[in-house]
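Encoded as structure tokens, the structure appears first; notes follow it.
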Amino acid sequence: MNIYKQAVEKWGHKSQIGMMIEECAELIVELRHAIRGRSSVATVCGEIADVEIMCSQMRTIFDTARVDSIKASKLERLEKLIQGET
């Protein structure tokens, strides 16, 4: 069993969803600080890592296959936008 699933099983869905919200909020704050020159790259990277860890836990709570499918579609759309297509 992977560590993300273990965390979800140990603390439960509600708790980990709450943690996801907190980690996203912390990243938002650090990004705002970075724009103003009041944060370090290391601090922002730490918050990104926390959010990525929580995202992996969210995939175990919700539907990994569905996330993968939607992500693929969104990446295709992004590629088209970058290439100037609509």
Side-chain angles (χ1 to χ4, degrees):
M1 177 182 319
N2 74 38
I3 190 133
Y4 305 120
K5 188 172 182 177
Q6 289 174 359
V8 170
E9 287 184 1
K10 179 170 180 133
W11 290 294
H13 291 192
K14 267 187 164 178
S15 175
Q16 295 314 92
I17 291 169
M19 283 298 298
M20 178 69 184
I21 293 165
E22 288 179 33
E23 294 299 349
C24 287
E26 290 173 10
L27 176 58
I28 290 165
V29 168
E30 283 307 315
L31 290 170
R32 295 296 298 168
H33 289 316
I35 288 170
R36 295 185 193 111
R38 295 176 28 213
S39 185
S40 68
V41 171
T43 302
V44 173
C45 288
E47 295 303 334
I48 292 169
D50 289 341
V51 168
E52 287 186 356
I53 289 167
M54 295 311 302
C55 282
S56 293
Q57 290 182 49
M58 295 303 101
R59 292 170 69 86
T60 69
I61 291 172
F62 294 98
D63 184 341
T64 296
R66 181 173 276 180
V67 171
D68 288 341
S69 174
I70 294 168
K71 183 177 178 180
S73 295
K74 289 180 180 267
L75 286 171
E76 285 177 24
R77 185 175 66 203
L78 176 60
E79 185 175 28
K80 288 177 182 177
L81 287 169
I82 290 169
Q83 295 172 354
E85 299 173 19
T86 57

Show every donor-acceptor pair shorter than 3.5 Å between a side-chain atom in residues 14-37 and any protein atom, with sequence neighbours excluded, or say none if there are none.
unit_1: Gln16; atom_1: NE2; unit_2: Gln57; atom_2: OE1; d: 2.5
unit_1: Glu30; atom_1: OE1; unit_2: Ser39; atom_2: OG; d: 2.5
unit_1: His33; atom_1: ND1; unit_2: Arg38; atom_2: NH2; d: 3.3

Distance, nearest 0.5 Å, that separates CD of Glu9 from OH of Tyr4: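 Spacing of CD (Glu9) from OH (Tyr4) equals 15.5 Å.
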Consider only side-chain heavy atoms of I, L, V, M, F, W and Y, link residues closer than 4.5 Å, and tell whether Met58 and Val8 are in one cluster. yes
Between Ile61 and Val51, is there a shared hydrophobic cluster once you connect ILVMFWY residues whose side-chain heavy atoms come closer than 4.5 Å? yes
Could you pull out the closest heavy-atom pair between Thr64 and Arg59, with the gap in Å?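 Between these two residues, the closest heavy atoms are OG1-O, 3.0 Å.
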For atom CD1 of Ile3, is the number of surrounding heavy atoms from other residues, nucleotides or ligands below 6.0 Å larger than 12? no
